[in-house]
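A quick write-up on the structure given underneath.
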Amino acid sequence: MVVPELPEVETVRRGLDVAAVGRTIGSVEVFGPRTVRRHAAGPADFAARLRGRRIEAAVRRGKYLWLRLDDGAALLAHLGMSGQFLAVPAGTPDPPHLRARFRFTDTGPELRFVDQRTFGGLALDEVAANESSTAVPVTVAHIALDPLDPAFDRGAVYERLRRRRTGIKRALLDQSLVSGIGNIYADEALWRAKLHYARGTDTLRRAEVERLFDGVDEVFAAALRAGGTSFDSLYVAVNGESGYFDRSLEVYGREGEPCSRCGAPIRREPFMNRSSYRCPRCQRTPREPRW
DNA sequence: CACACAGCCTGCTGGC
DNA sequence: TGCCAGCAGGCTGTGT
């Protein structure tokens with residue numbers, strides 16, 4: 001199972017565009033309270049308020065995605081570590097870890113939310129009426145623009161990076177600075193830009209930040225191509241396993257293997273109670289690292 | 001506001 | 001063979 005970052009969530013959003021948009025919800029089942037823990041009014045309210053709602057659009061920012069409903073609210077979803085949406089014919093046996101089921105008023109496939117590790121979740125949220133930026137659910141208001149957003153502004157991110165006093169990878173993972181990047185693509189983008197993860201953000205030059213976001217764009221584009229080519233639009237419009245980009249990574253998960261640029265063995269190092277992978281030759285430790 | 005970190009969770013892996 | 005620690009890492013809440 002691959003952890004979903006922006007490209008995977010975007011692949012899911014495209015699947016929902018096909019599988020859910022334009023349909024009207026008939027009934028909703030929620031299995032256990034945890035999946036809707038962010039919905040303060042509880043599972044019964046969640047289900048009741050969704051009944052009869054028509055889905056008008058599938059929207060994403062960073063790793064959040066939501067279905068815009070015909071009453072102005074949004075069905076907000078986060079996949080967490082392991083969440084998947086599956087569109088399957090009614091009667092298909094329930095899989096393990098089924099957390100919610102959406103039936104529609106038509107005879108098409110039902111939609112399921114499946115999540116092994118339950119870091120994911122669903123909620124009903126109001127969409128803030130804000131004339132200065134894209135309308136997003138209240139819960140998503142603090143999430144920064146992601147690099148695929150037409151309004152994403154590298155120059156503005158650079159200015160914020162320069163004012164920070166932290167390491168570049170911490171900053172990349174901060175969804176209030178730039179959204180959509182997780183541990184895997186952070187390492188991949190840093191490798192492409194030949195930057196060490198502990199490089200102080202206040203020492204970065206503009207050209208380095210350009211290289212970094214070029215790297216982000218490249219890994220995102222490659223992952224989206226992989227996701228876009230391999231999903232079955234009829235059966236599993238939305239499948240967390242097919243189409244995930246896990247075979248073309250340069251450093252992530254490749255400890256001991258040679259760097260494809262210089263041949264030095266890739267190193268794995270503990271970082272933020274996780275792992276960072278880097279090439280020790282292409283990505284040298286800075287003189288004044290900020291871990 | 002900026003920054004750092006504990007805690008939430010389940011399945012798999014490897015050491016003993 | 002079985003047990004259990006360690007690992008995977010998204011986000012929120014809380015502390016400084």
Side-chain angles (χ1 to χ4, degrees), chain A residues 1-13 31-40 60-66 76-85 95-100 113-123 125 136-144 146 156-190 197-204 220 223 240-241 244-246 249 251-256 267-277 288-291:
Chain A
M1 176 66 69
V2 176
V3 174
E5 301 186 26
L6 183 148
E8 291 75 26
V9 179
E10 172 61 15
T11 299
V12 170
R13 190 204 65 76
F31 306 101
R34 186 169 158 78
T35 291
V36 293
R37 63 195 177 281
R38 302 279 168 206
H39 187 77
R60 179 194 55 74
R61 173 177 287 186
K63 304 174 205 173
Y64 275 95
L65 69 93
W66 60 95
L76 182 69
H78 198 290
L79 303 180
M81 304 291 292
S82 55
Q84 300 176 59
F85 278 102
H97 314 302
L98 177 64
R99 307 301 179 187
F113 185 70
V114 178
D115 186 16
Q116 176 202 105
R117 290 164 69 182
T118 73
F119 277 52
L122 305 172
D125 202 358
V136 298
V138 173
T139 305
V140 181
H142 69 291
I143 301 295
D146 62 62
V157 173
Y158 171 71
E159 293 302 329
R160 290 186 66 190
L161 283 169
R162 292 284 309 198
R163 290 196 294 272
R164 290 207 167 191
R165 297 292 179 269
T166 189
I168 182 58
K169 184 168 172 182
R170 281 184 187 277
L172 279 182
L173 297 177
D174 181 347
Q175 305 295 303
S176 69
L177 182 68
V178 50
S179 68
I181 303 170
N183 197 46
I184 296 171
Y185 295 127
D187 282 1
E188 294 297 308
L190 288 165
Y197 55 82
R199 178 71 182 279
T201 54
D202 53 340
T203 70
L204 285 169
F220 278 5
E241 287 176 54
Y244 275 21
F245 175 63
D246 58 1
L249 301 176
V251 284
Y252 184 83
R254 296 192 172 277
E255 182 180 20
R267 199 171 287 174
R268 182 177 77 87
E269 291 161 340
F271 177 80
M272 295 173 75
N273 290 320
R274 302 179 161 70
S275 293
S276 275
Y277 296 86
E288 293 181 40
R290 290 186 183 276
W291 309 102

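Residue numbers begin at 1 in each chain, while the letters A, B, ... track the order of the sequences.
- Closest approach of A/R162 to A/T203, counting heavy atoms only: NH1-C, 3.9 Å.
- Taking CG from A/D125 and CZ from A/R38, the interatomic distance works out to 11.5 Å, rounded to the nearest 0.5 Å.
- Counting only heavy atoms from C-beta outward, the side chains of A/L190 and A/L172 approach each other to under 4.5 Å.
- Contact annotation: A/Y64 side-chain N/O to C/dT12 OP1/OP2 distance is under 4.0 Å.
- Side-chain N/O atoms of A/R170 include one lying less than 4.0 angstrom from OP1 or OP2 on B/dA4.
- Contact annotation for A/R268: backbone-only contact, meaning every heavy-atom pair under 4.0 Å involves sugar-phosphate atoms and none involves a base.
- The side chain of A/Q175 places an N or O atom within less than 4.0 Å of a non-bridging phosphate oxygen (OP1 or OP2) of C/dC11.
- Picking from B/dC5, C/dG10, C/dT12 the nucleotide with the shortest atom distance to the side chain of A/N183 gives C/dG10.
- Dashed line: the shortest gap from a side-chain N or O of A/R290 to OP1 or OP2 of B/dA4 is not under 4.0 Å.
- Partners of A/T35 according to the side-chain contact (heavy atoms from CB on, under 4.5 Å) rule, which considers only residues two or more places apart in sequence or in another chain, are A/R99, A/F113, A/L122.
- Computed from coordinates, the A/K169 NZ to B/dA4 P distance equals 14 Å when rounded to whole Å.
- Comparing A/D174 and A/R34 along DNA chain B, the residue whose closest nucleotide (by nearest heavy atom) sits nearer the 5' end is A/D174.
- If you check distances only, the side chain of A/R163 never reaches the base of B/dA2 with a donor-acceptor pair under 3.5 Å.
- Between A/M272 and A/H97, the residue anchored closer to the 5' end of DNA chain B is A/M272, taking for each the nucleotide with the nearest heavy atom.
- Geometrically, A/R13 does not engage A/F85 in a cation-pi contact defined by less than 6.0 Å to the ring centre and at most 45° from the axis.
- Put simply, A/H142 has a side-chain N or O that comes within less than 4.0 Å of OP1 or OP2 on C/dT12.
- For the pair A/F271 CZ and B/dC3 P, the computed distance is 13 Å after rounding to whole Å.
- At least one side-chain nitrogen or oxygen of A/S275 sits closer than 4.0 Å to the OP1 or OP2 atom of C/dA8.
- Here A/N273 lies in heavy-atom contact (under 4.0 Å) with sugar-phosphate atoms only.
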